[in-house]
Student: 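Starting off with a structure, shown below.
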Amino acid sequence: MLCVSRVCGRMSGSSLLAAGGMGSTVGAMRAFSAAKKPEMIQVEQTGKVAVVTLYRPNALNALCNQLCDELVGVFRELDADSTVGAIVLTGHGKAFAAGADIKEMLPNTLIDVYQNRLFDALDFGVRSIRKPILAAVNGFALGGGCELAMMCDVMY
């Protein structure tokens with residue numbers, strides 16, 4: 001399944017391959033300038049393509065506040081990096097993202113979630129990225145995980 005949303009007119013699949021060299025198998029771990037290295041996000045760059053992996057293996061990559069903050073921070077750094085032409089988002093293990101972290105949300109009422117705009121930072125953070133983001137959905141994409149995949153420009 002291939003779904004195109006924001007990427008129309010910016011970069012076609014063939015130009016993405018040409019710009020990013022996605023066929024290359026040589027990868028390098030990326031060093032970040034942020035004061036704190038992300039704990040729940042892994043980033044690897046091959047050519048002009050950065051692969052961002054959600055990494056919460058014990059929680060099927062459930063979306064908690066820390067993961068969402070780290071993801072938006074990593075996306076912003078990659079967006080500002082001239083050596084990156086496209087971003088691929090995937091999940092570690094058998095899940096892309098199992099949705100919101102229910103344990104973290106448990107103390108909140110529906111009104112709390114609505115008034116505090118619990119996932120707005122993630123939504124606006126992803127939508128503000130100008131470089132194409134491809135969701136490589138490798139397993140379960142439930143609830144908020146499915147929404148995260150749909151926020152990307154291309155879903156595969």
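Just so you know, residue 1 is the first one in the sequence shown, and it goes up from there. The structure displayed is predicted, hence computed values, not measured ones.
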Student: Give a yes or no on whether the backbone of G91 and the side-chain of N138 come within a donor-acceptor separation of less than 3.5 Å.
Tutor: yes
Student: For residues M150 and V137: do they belong to one hydrophobic cluster (side chain heavy atoms under 4.5 Å, members Ile, Leu, Val, Met, Phe, Trp, Tyr)?
Tutor: yes
Student: Who passes side chain to side chain donor-acceptor pair (under 3.5 Å) against T109, sequence neighbours left out?
Tutor: D112
Student: Any chance you could measure L89, atom CG, to M155, atom CE, to the nearest 0.5 Å?
Tutor: 11.5 Å
Student: Determine, step by step, whether E77 and V43 satisfy the side-chain contact (heavy atoms from CB on, under 4.5 Å) criterion, reporting the C-alpha distance in whole Å, the side-chain angles of both residues, the deciding distance to 0.1 Å, and the verdict.
Tutor: CA-CA 11 Å; E77 283 198 33; V43 182; over 6 Å; no
Student: Less than 4.5 Å apart, any side-chain heavy atom of I129 and any of R76?
Tutor: yes
Student: Out of curiosity, does I133 fall in the hydrophobic cluster containing M40 (side-chain heavy atoms, cut-off under 4.5 Å, transitive links)?
Tutor: yes
Student: Given 3.5 Å as the limit, does a donor-acceptor pair link the side chain of N61 with the main chain of R56, or not?
Tutor: yes
Student: Any chance you could measure C68, atom SG, to D120, atom CG, to the nearest 0.5 Å?
Tutor: 11.5 Å
Student: Does E70 have any side chain to side chain donor-acceptor pair (under 3.5 Å) partners at least two apart in sequence or in another chain, and if so, which?
Tutor: Q66
Student: Which pairs pass ring pair (Phe, Tyr, Trp, His ring centres under 6.0 Å) with one or both residues in residues 46-101, sequence neighbours excluded?
Tutor: Y55-H92
Student: Please give the remaining members of the hydrophobic cluster of F140, linking ILVMFWY side chains under 4.5 Å, ordered by chain and number.
Tutor: L142
Student: Would you name the heavy atoms of A141 and C146 that are closest together and state the gap between them?
Tutor: O-CB, 3.2 Å
Student: In Å, rounded to the nearest 0.5 Å, how long is the span from CG of L122 to CD of E147?
Tutor: 9.5 Å
Student: side-chain contact (heavy atoms from CB on, under 4.5 Å) with D69: which residues, sequence neighbours excluded?
Tutor: none
Student: Any non-hydrogen side-chain atom of L148 less than 4.5 Å from a side-chain atom of L71?
Tutor: yes
Student: So among V51, T46, V52, which one has a side-chain contact (heavy atoms from CB on, under 4.5 Å) with V88?
Tutor: V51
Student: Quick one: does L54's side chain get under 4.5 Å of I41's, heavy atoms only?
Tutor: yes
Student: Could you tell me whether the side chain of K131 and the main chain of D79 form a donor-acceptor pair under 3.5 Å?
Tutor: yes
Student: Work out which heavy atom in G125 is nearest to a heavy atom in V72; give both atom names and the distance.
Tutor: CA-CG1, 4.0 Å
Student: Can you tell me how far the CD1 atom of I87 sits from the OG1 atom of T90, to the nearest 0.5 Å?
Tutor: 14.0 Å
Student: Which ILVMFWY residues can you reach from Y114 by hopping between side chains whose heavy atoms are under 4.5 Å apart?
Tutor: none
Student: List the atom of A149, the atom of A135, and the distance in Å for their closest heavy-atom pair.
Tutor: O-CB, 3.9 Å
Student: Find the distance between CG (D153) and CG (L134) and round it off to the nearest 0.5 Å.
Tutor: 7.0 Å
Student: Quick check: closest heavy atoms across L60 and A95, and the distance to 0.1 Å?
Tutor: O-CB, 3.6 Å
